[in-house]
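By convention in this document, chain letters (A, B, ...) are assigned in the order of the sequence lines, proteins followed by strands, and residues within each chain are numbered from 1.
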Protein chains: 2
Amino acid sequence: MTQLQRRKIPDAAIARLPIYLQILNNLAATNVLRFSSDELAALAGVNAAKVRKDLSYLGSYGTRGVGYEVTYLIHQIKRELGLMREWNVVVVGAGNLGCALAKFDGFLSRGFPVVGIVDNDPKKIGRTTSSLTVGDVGDLKNIVRDEKVNIGVITTSSAAAQSAADALIDAGITSILNFAPVVLATPSSVSVRNVDLGVELQILSYYEQMRIESGSKVQSAPQLNSVGAR
Amino acid sequence: MTQLQRRKIPDAAIARLPIYLQILNNLAATNVLRFSSDELAALAGVNAAKVRKDLSYLGSYGTRGVGYEVTYLIHQIKRELGLMREWNVVVVGAGNLGCALAKFDGFLSRGFPVVGIVDNDPKKIGRTTSSLTVGDVGDLKNIVRDEKVNIGVITTSSAAAQSAADALIDAGITSILNFAPVVLATPSSVSVRNVDLGVELQILSYYEQMRIESGSKVQSAPQLNSVGAR
DNA sequence: AGGGCTTAGTGCATTAATTCACAAAGTCCA
DNA sequence: TGGACTTTGTGAATTAATGCACTAAGCCCT
């Protein structure tokens with residue numbers, strides 16, 4: 001039961017590491033060599049103690065009185081997050097959003113090349129978007145095998161999302177990023193993260209309304225998303 | 001200091017209400033009249049006690065031994081989230097993602113009509129996407145005033161995101177949905193929510209790597225996002 | 001060499017969120 | 001009418017996350 005599974009890093013800390021990484025990459029690009037927990041905290045908009053605690057989960061890579069080395073920490077965070085390699089992505093659903101994501105260079109630049117895009121609509125299959133041709137969702141299994149896909153992105157309508165998830169899981173995918181506004185039923189061995197743009201706006205509207213009702217004396221929304229299903 | 005600001009609902013609960021709402025809308029569409037906390041919990045993938053506690057923040061709207069009424073609860077959640085009205089949205093950044101979002105009917109259908117899209121690139125200004133013409137980011141102030149914009153969506157490059165945020169804030173916007181992978185510096189009176197697709201994938205990759213390393217005996221990612229900045 | 005300064009690392013108190021578990025309140029049917 | 005059954009609402013316990021505040025370490029300057 002209690003396997004060692006490396007170190008147990010709290011989920012909340014894991015979710016912050018990518019943000020630190022992004023900031024450190026910026027620092028590296030401007031030739032900054034070192035940083036302190038205070039500096040990173042200011043840039044990330046969090047508490048300095050939290051930064052130190054988060055980084056301490058990676059190991060003791062700082063130097064007291066000095067700080068942390070930018071490039072070394074980048075390396076350690078990438079190692080921890082599994083970013084020493086690329087993870088191939090397939091997009092299911094070739095609508096507006098799916099095509100935009102397939103072209104989106106933010107994926108490739110962060111080590112997540114989109115190697116395929118599929119749809120179930122014969123009118124869309126065969127179209128070319130950037131360097132990819134829309135495939136048939138029925139070929140998902142082959143695509144996953146041949147292109148060594150690790151992550152599936154669902155950008156179908158909500159009606160089609162569950163069968164898209166089923167197809168991905170059937171093809172052996174265990175990590176899914178879901179943009180459809182539905183709660184997917186998946187085995188617990190599969191990781192799902194939901195990005196529901198409507199939900200985000202609705203959360204904003206709650207805090208916006210609070211501000212309006214109480215004469216703007218109200219605190220603002222937490223920047224965290226918490227699509228708290230499952 | 002201690003103003004009554006309505007009821008104080010925990011942030012974590014607020015973030016779940018939109019998901020319940022989405023599920024209840026589906027139930028209503030299939031003519032379901034009532035539901036129990038157990039049923040909603042199963043559909044949302046959460047614990048039943050959590051559902052009851054979350055709903056209890058809205059008031060005591062259930063009936064013991066029976067459950068909750070679908071349409072009545074929909075009404076209450078919408079009231080609480082500020083969804084009894086529409087909130088107008090402007091998109092800053094008319095790239096792939098910005099244009100896809102401007103067309104995205106998931107915004108309008110949930111009460112967030114996109115009433116404008118702007119860019120700073122003269123080559124993009126004047127183009128028409130769906131029913132909108134790309135405006136000049138310099139006109140943001142006028143657009144916000146004339147179109148009664150409540151929420152700004154940033155889909156610029158990361159380099160341009162901060163100045164986009166500054167322009168939105170200068171125009172009087174207090175709610176921002178940010179897709180650029182940077183931490184925005186904003187006054188605390190402004191609500192910012194970040195959707196960073198790269199971050200989501202990196203979180204997935206962490207759990208995917210865990211599974212691979214420890215022979216797939218590892219729990220999966222939390223479905224919540226926690227872009228824990230600020 | 002040593003004292004002052006800076007900053008990481010962390011134990012501990014606090015706060016927030018979750019979950020349990022049970023009493024209260026209602027339905028339904030004989 | 002009454003008793004079995006269902007399901008809410010919520011105190012209380014538990015777990016997770018946060019943030020304080022102090023110790024330990026290393027740098028720098030005289």
**Request:** Starting at atom CZ of A:Arg34, determine the distance to atom C1' of C:dA8, rounded to an integer number of angstrom.
**Result:** 13 Å
**Message:** Parallel, tilted or perpendicular: which one describes the rings of B:Tyr68 and B:Phe35, with boundaries at 30° and 60°?
**Reply:** parallel
**Asked** Are the side chains of A:Tyr57 and A:Pro10 in touch, meaning some heavy atoms are under 4.5 Å apart?
**Response** yes
**Message:** For C:dG9, does the base pair up with any side-chain atom of A:Arg64 as donor and acceptor (N or O, under 3.5 Å, distance only)?
**Reply:** no
**Prompt:** Tell me: CG of A:Asp54 to C1' of C:dA8, nearest whole Å?
**Reply:** 14 Å
**Message:** Measure CG/B:Leu73 against C1'/D:dT8 and give the value in whole Å, please.
**Reply:** 12 Å
**Interatomic distance, B:Lys50 NZ vs D:dT8 C1' [rounded to whole Å]** = 18 Å
**Message:** Parallel, tilted or perpendicular, judged at 30° and 60°: which one describes the rings of B:Phe104 and B:Phe107?
**Reply:** perpendicular
**Request:** Tell me whether the OP1 or OP2 atom of C:dA8 has a side-chain N or O from A:Ser37 closer than 4.0 Å.
**Result:** yes
**Message:** Please report the distance, rounded to the nearest Å, between CG in A:Asp11 and P in D:dA17.
**Reply:** 6 Å
**Prompt:** Can you find a pair of side-chain heavy atoms, one from B:Val182 and one from B:Gln162, that are under 4.5 Å apart?
**Reply:** no
**Prompt:** With distance as the sole criterion, do the side chain of B:Lys53 and the base of D:dG9 form a donor-acceptor contact below 3.5 Å?
**Reply:** no
**Message:** Let's see if you can work this out: which of C:dA21, C:dT10, C:dA8 has an atom nearest to the side-chain heavy atoms of A:Ala49?
**Reply:** C:dT10
**Request:** Write down the distance between CG (B:Asp38) and C1' (C:dC20), rounded to a whole number of angstrom.
**Result:** 14 Å
**Asked** Counting any heavy atom closer than 4.0 Å, what does A:Gly62 reach on the DNA or RNA strands: base, sugar-phosphate only, or nothing?
**Response** sugar-phosphate
**Asked** Is there a donor-acceptor contact under 3.5 Å from the side chain of B:Gln209 to the main chain of A:Glu80?
**Response** yes
**Rounded interatomic separation in angstrom, taking CG from B:Leu55 and C1' from D:dT10** = 14 Å
**side-chain N/O B:Arg16 vs C:dT18 OP1/OP2, d < 4.0 Å** = yes
**Fill in**
When B:Ser60 and A:Thr63 are each assigned the nearest nucleotide of DNA chain D, the 5'-most assignment goes to B:Ser60
**Prompt:** Atom CD of B:Glu69 and atom C1' of C:dG26: how far apart are they, to the nearest Å?
**Reply:** 15 Å
**Fill in**
With the side chain defined as heavy atoms from C-beta on, B:Ala12 is closest, among C:dA17, D:dA17, D:dG9, to C:dA17
**Request:** For the side chain of A:Asn47, starting at C-beta, report the closest nucleotide among D:dT18, D:dG9, D:dC20.
**Result:** D:dC20
**Short side-chain N/O contact to C:dT6 OP1/OP2 from A:Tyr68, under 4.0 Å** = no
**Message:** Let's see if you can work this out: which of D:dT7, C:dT18, D:dA17 has an atom nearest to the side-chain heavy atoms of B:Ser36?
**Reply:** D:dT7
